[in-house]
Amino acid sequence: MEIFVVPDAAAIGAVAAGIIAAVVRSKPDAVLGVATGGSPLPVYAALAGHRLDLSRVRAFALDEYVGLPAGHPESYGEVVRREVTERLGLDPGHVRVPAGGAEDPERAAVEYDTSIRAAGGIDLQLLGIGHNGHIAFNEPGSALDSRTRVETLAARTREANARYFGSLSEVPERCITQGLGTIMEARHLLLVVHGQDKAAILAEALSGPVSAECPASVLQRHPHVTVVADESAASQLAPEKAGVTVRVAGPAISV
Ligand code: GLP
């Protein structure tokens, strides 16, 4: 695992975008896993500045709410369209988001999982982390080998995401999320984290026991993980763990 510690959110965006740009330069038809939430936004902004040809890139979103009306501005389908597809110039036909409006969401989830495999798997998956350790919408208690499925959102997640909606009652209660096992099949995982409020959960995820109680802890079992965090988010990390390289704004300081 490699951890980059940088000063702020803009620097997180710059470092993470550089990593994604390198993947696309070496593989112009790369399959990217894209994430929503606030943390990835500076990454997309910085990536747009690279002016890469992303016309052959395919993308899969991590998750989607179940039950929002089609075209709801806070559906992840719309967020991905605005923040990723349009901003980066991806072909809309190459971008998939789970079908949260499907008549049979369970079936849509299984089909989504299959479509990721059919695309050859994800080359690089961008991730954020929730305050309770969730990645995508895999809440505490999610099986470490879970597949894409319908899930119920934790109260804490609905409260955190209420900022995007008019009120808590408007936040959907269910979602389709890629499973932890699905995410773990991506060839490279890129976790971006900023803010003091994420410091404790980031430390627990990277240095605590691997457990369904902290879904992001499963990253410890992946062979190729890059974490880009600002100094606040990284402030409780114990980098002396074997196999972890920490870089502060570039040069390695500890192995
Ligand atoms: C949401 C998303 C996650 C994201 C998390 C953290 O619940 N489903 O993919 O990582 O929120 O979001 P933020 O980066 O805004 O803290």
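Counting starts at 1 for both ligands and their atoms, in listed order. Since the model is a prediction, treat every value here as computed from it, not as a measurement.
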* Give the atoms of ligand 1, by number and element, whose distance to some non-hydrogen atom of H134 is under 4.0 Å. => 1 (C), 5 (C), 7 (O), 11 (O)
* Assess K198 for proximity to ligand 1: is some non-hydrogen atom of it under 4.0 Å away? => yes
* Could you tell me if the ring centre of Y76 sits under 6.0 Å from that of F137? => yes
* **Minimum-distance protein heavy atom relative to atom 4 (C) of ligand 1** => T36 O, 4.0 Å
* Structure fact -> the protein heavy atom lying closest to atom 6 (C) of ligand 1 turns out to be I129 O, 3.6 Å
* May I ask you to decide whether R81 forms a salt bridge with E86, counting only side-chain N to carboxylate O separations under 4.0 Å? => yes
* **Top protein contact for atom 12 (O) of ligand 1, by heavy-atom distance** => G37 CA, 3.8 Å
* **Non-hydrogen side-chain atoms of L191 and L219 separated by less than 4.5 Å** => yes
* Structure fact -> Under 4.0 Å between heavy atoms, the region of D63 that gets near ligand 1 turns out to be side chain
* Measure centre to centre between the rings of F165 and H72, then say whether the value is under 6.0 Å. => yes
* Asked: Identify the closest protein heavy atom to atom 3 (C) of ligand 1: which residue and atom is it, and at what distance?
  -> A136 O, 3.6 Å
* Asked: Would you call R147 and E185 a salt bridge, taking side-chain N to carboxylate O under 4.0 Å as the test?
  -> yes
* With a 4.0 Å heavy-atom cut-off (strictly under), which part of S39 contacts ligand 1: side chain, backbone, both or neither? -> both
* Asked: Taking non-hydrogen atoms only, is R163 closer than 4.0 angstrom to ligand 1 via side chain, backbone, both or neither?
  -> side chain
* Asked: Can you check whether G38 has an N/O within less than 3.5 Å of an N/O in ligand 1?
  -> yes
* Asked: So, does A35 sit close enough to ligand 1 that a heavy atom of it is under 4.0 Å from the ligand?
  -> no
* Heavy atoms, side chains only, cut-off 4.5 Å: are Y65 and N161 in contact? -> yes
* Just heavy atoms, cut-off under 4.0 Å: does N161 contact ligand 1 by side chain, backbone, both, or neither? -> side chain
* Distance filter under 4.0 Å to Y76 heavy atoms, resulting ligand 1 atoms -> 1 (C), 2 (C), 8 (N)
* In terms of atom number and element, which parts of ligand 1 are under 4.0 angstrom from non-hydrogen atoms of G128? -> 10 (O)
* To do: Would you confirm whether S39, through its side chain, and V193, through its main-chain N or O, come within 3.5 Å as a donor-acceptor pair?
  => no
* With heavy atoms only and a cut-off of under 4.0 Å, state how A160 meets ligand 1: side chain, backbone, both or neither. => neither
* Polar side-chain atom of S211 near backbone of E213 as donor-acceptor pair, under 3.5 Å -> yes
* Asked: Under 4.5 Å between side-chain heavy atoms, hopping through other hydrophobics if needed: is there a path connecting V43 to V95?
  -> yes
* Just by distance, do the side chain of D197 and the backbone of H131 share a donor-acceptor pair under 3.5 Å? -> no
